[in-house]
Protein chains: 2
Amino acid sequence: MAEKQHRMTRQRQIILETVKGLKTHPTADEIFGLVRKRLPRISLGTVYRNLDILTEQGIIRKLDTAGQQKRFDGDVSPHYHVKCVKCGKIDDLYFELPQPSSEWSEKTSFQILEYNVELLGICPQCQKGPSHH
Amino acid sequence: MAEKQHRMTRQRQIILETVKGLKTHPTADEIFGLVRKRLPRISLGTVYRNLDILTEQGIIRKLDTAGQQKRFDGDVSPHYHVKCVKCGKIDDLYFELPQPSSEWSEKTSFQILEYNVELLGICPQCQKGPSHH
DNA sequence: CTCCTAATCAGGAATTATTCTTATTCGAGG
DNA sequence: CCTCGAATAAGAATAATTCCTGATTAGGAG
């Protein structure tokens with residue numbers, strides 16, 4: 001099972017620091033924008049590659065939310081998310097869900113691994129005015 | 001609230017029949033492939049447009065599953081889905097999952113509209129061999 | 001410290017899914 | 001039939017992400 005070696009490059013380090021340093025759930029290009037301030041020559045491809053590597057390593061989380069852009073989360077503790085249907089913003093939800101029950105597996109031929117709950121709603125900001133951005 | 005008029009064109013009719021006639025959860029291009037057999041000159045854009053219109057009308061369902069391609073479902077009765085993490089195939093689940101509790105909404109400042117439950121698993125086919133597709 | 005090499009990088013092209021544009025056609029109410 | 005807004009085919013455009021290439025570098029071996 002030869003695992004691939006991973007070097008800690010300056011780029012990867014700064015991308016990691018950036019994601020961990022945010023309480024938001026940034027998209028790849030938002031991270032790109034921030035990292036660029038410290039590493040002006042970094043490329044978007046590098047950001048994507050490192051976000052994927054860090055996700056594989058379980059150091060950050062990739063939010064496979066329905067919709068267009070994927071978002072990333074520096075908080076890998078178990079929690080769920082709400083997404084604003086208007087602006088796409090994501091908020092954390094720290095509640096417990098029951099474990100997948102064996103009863104479920106009996107009713108499907110799939111081997112069930114996990115389940116996610118994604119709540120959809122409207123964020124405080126978009127509740128105020130008719131979204132005019 | 002002037003609803004937009006919708007004409008029943010031959011294209012829309014056949015797209016609808018196709019989706020309703022399938023027990024699978026086809027992607028837009030799979031539907032395109034099938035509809036094409038009856039309407040060789042139809043364009044992919046027409047398929048997309050009509051799938052969206054039919055979804056708006058609640059006649060079919062668009063599955064906003066995380067991942068790359070969206071899938072459609074001719075069965076609009078309430079049920080959930082499992083997605084195979086290996087091949088992306090989707091299966092229906094006709095059992096009850098934990099209902100959203102008001103407790104959840106209290107923990108966020110978002111106005112909750114709806115919630116999705118997405119189960120992830122491995123389909124029978126992918127359980128067998130080391131996925132060599 | 002120096003060498004070596006696989007891992008990584010920057011830059012940009014390629015891919016993929018979906019939406020949009022435009023000129024033309026058509027469904028259905030009058 | 002006529003009319004007209006809705007719908008169509010074809011293909012361009014967009015957006016997010018992945019892939020490709022030749023140059024660079026981290027970090028272990030010597």
Side-chain angles (χ1 to χ4, degrees), chain A residues 1-19 25-57 59-72 83 87-88 90 133, chain B residues 2-19 25-57 59-72 83 87-88 90:
Chain A
M1 294 281 99
E3 289 279 328
K4 210 193 226 179
Q5 306 295 338
H6 283 297
R7 303 189 326 212
M8 182 49 70
T9 59
R10 186 159 161 67
Q11 288 86 340
R12 185 165 303 152
Q13 182 64 47
I14 291 180
I15 289 168
L16 177 56
E17 284 171 15
T18 301
V19 176
H25 303 78
T27 58
D29 66 290
E30 285 168 356
I31 296 163
F32 178 52
L34 290 169
V35 170
R36 224 182 196 173
K37 292 181 183 170
R38 297 173 62 186
L39 296 173
R41 302 185 54 79
I42 200 169
S43 74
L44 184 54
T46 298
V47 172
Y48 271 107
R49 183 166 17 78
N50 281 297
L51 288 172
D52 281 343
I53 290 171
L54 292 168
T55 299
E56 272 173 35
Q57 296 179 321
I59 301 174
I60 65 173
R61 213 171 130 184
K62 184 197 278 193
L63 304 183
D64 244 358
T65 61
Q68 44 303 341
Q69 263 174 110
K70 290 193 178 66
R71 290 174 178 274
F72 295 85
K83 188 175 77 175
C87 69
I90 288 182
H133 54 84
Chain B
E3 290 278 328
K4 206 193 230 182
Q5 306 294 340
H6 283 297
R7 302 189 328 212
M8 183 49 71
T9 59
R10 186 159 161 67
Q11 288 85 340
R12 185 166 304 152
Q13 182 64 47
I14 290 180
I15 289 168
L16 177 55
E17 284 171 14
T18 300
V19 176
H25 303 79
T27 59
D29 66 289
E30 285 168 354
I31 296 163
F32 178 52
L34 290 169
V35 171
R36 223 182 196 173
K37 292 180 184 171
R38 297 174 62 185
L39 296 173
R41 300 186 53 78
I42 199 169
S43 74
L44 184 54
T46 297
V47 172
Y48 270 107
R49 183 166 16 78
N50 280 298
L51 288 172
D52 281 344
I53 290 170
L54 292 168
T55 299
E56 271 173 36
Q57 297 179 320
I59 301 174
I60 65 172
R61 216 172 129 184
K62 185 197 278 194
L63 304 182
D64 243 357
T65 61
Q68 46 302 340
Q69 265 174 107
K70 290 194 178 65
R71 290 173 177 274
F72 296 85
K83 187 176 75 176
C87 70
I90 288 182

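Proteins get letters first, then strands, A, B, ... in listed order; numbering begins at 1 in each.
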How bent is the helix from C:dC1-D:dG30 to C:dG30-D:dC1, comparing axes over its five end pairs at each side, to the nearest 10°?
30°
Under the side chain to side chain donor-acceptor pair (under 3.5 Å) rule, collect the residues that match up with B:R12, sequence neighbours excluded.
B:N50
Check this one for me: any side-chain N or O of B:R12 less than 4.0 Å away from OP1 or OP2 of D:dA7?
yes
CZ of B:R10 versus C1' of C:dA28: gap in Å, rounded?
17 Å
With sequence neighbours excluded, what pairs up with B:S43 under the side chain to side chain donor-acceptor pair (under 3.5 Å) test?
B:T46
Considering all heavy atoms of both residues, which atom of B:E30 and which atom of B:H25 are nearest to each other, and what is their separation?
OE1-O, 4.4 Å
Using only side-chain N and O atoms of B:Q11, determine if any of them is under 4.0 Å from OP1 or OP2 of D:dA9.
yes
Verify the contact: side-chain N or O of B:S43 to OP1 or OP2 of D:dG11, cut-off strictly under 4.0 Å; return yes or no.
no
d(CD, B:Q57; C1', D:dA7) in whole Å
13 Å
Rounded to the nearest angstrom, tell me the gap between atom CE in A:M8 and atom C1' in D:dG28.
17 Å
Figure out the CZ/C1' separation between A:R36 and C:dC9, and round it to whole Å.
15 Å
Classify every nucleotide of nucleotides 13-24 of chain D by which part a protein heavy atom approaches to under 4.0 Å, writing B for the base, S for the sugar-phosphate alone and - for neither, in 5'-to-3' order.
---SBB------
I need the CD1-C1' distance between B:I14 and C:dG27, as an integer number of Å.
15 Å
Once you round to the nearest 0.5 Å, how far does CG of B:L54 lie from NE2 of B:H6?
9.0 Å
Straight-line distance of B:Q57 CD to B:I53 CD1, nearest 0.5 Å
7.0 Å
Under 4.0 Å from OP1 or OP2 of C:dT8: is there any side-chain N or O of A:H6 that close?
yes
Whether A:R41 contacts C:dG11 is assessed here as follows: a side-chain N or O lying under 4.0 Å from the phosphate OP1 or OP2. Is that the case?
yes
Tabulate below the donor-acceptor pairs under 3.5 Å that side-chain atoms of residues 32-39 of chain A make, not counting sequence neighbours, or state none.
| unit_1 | atom_1 | unit_2 | atom_2 | d |
| --- | --- | --- | --- | --- |
| A:R38 | NH1 | A:E17 | OE1 | 3.0 |
| A:R38 | NH2 | A:E17 | OE1 | 3.2 |

Take atom CG of B:N50 and atom C1' of C:dT18, then tell me their distance rounded to the nearest Å.
15 Å
What pairs with A:R71 under side chain to side chain donor-acceptor pair (under 3.5 Å), at least two apart in sequence or on another chain?
none
Nearest to the side chain of A:I53, heavy atoms from C-beta on, is which of C:dT8, D:dA7, D:dA9?
C:dT8
A:Q5 has an atom CD; how far is it from atom P of C:dC4, in whole Å?
20 Å
Of all heavy-atom pairs between A:D29 and A:L44, which one has the smallest distance, and what is that distance?
CA-CD1, 4.4 Å
Between D:dA7 atom C1' and B:Q13 atom CD, what is the distance in whole Å?
15 Å
Roughly how far, to the nearest 0.5 Å, is the CG atom of A:L51 from the CD1 atom of A:I31?
4.5 Å
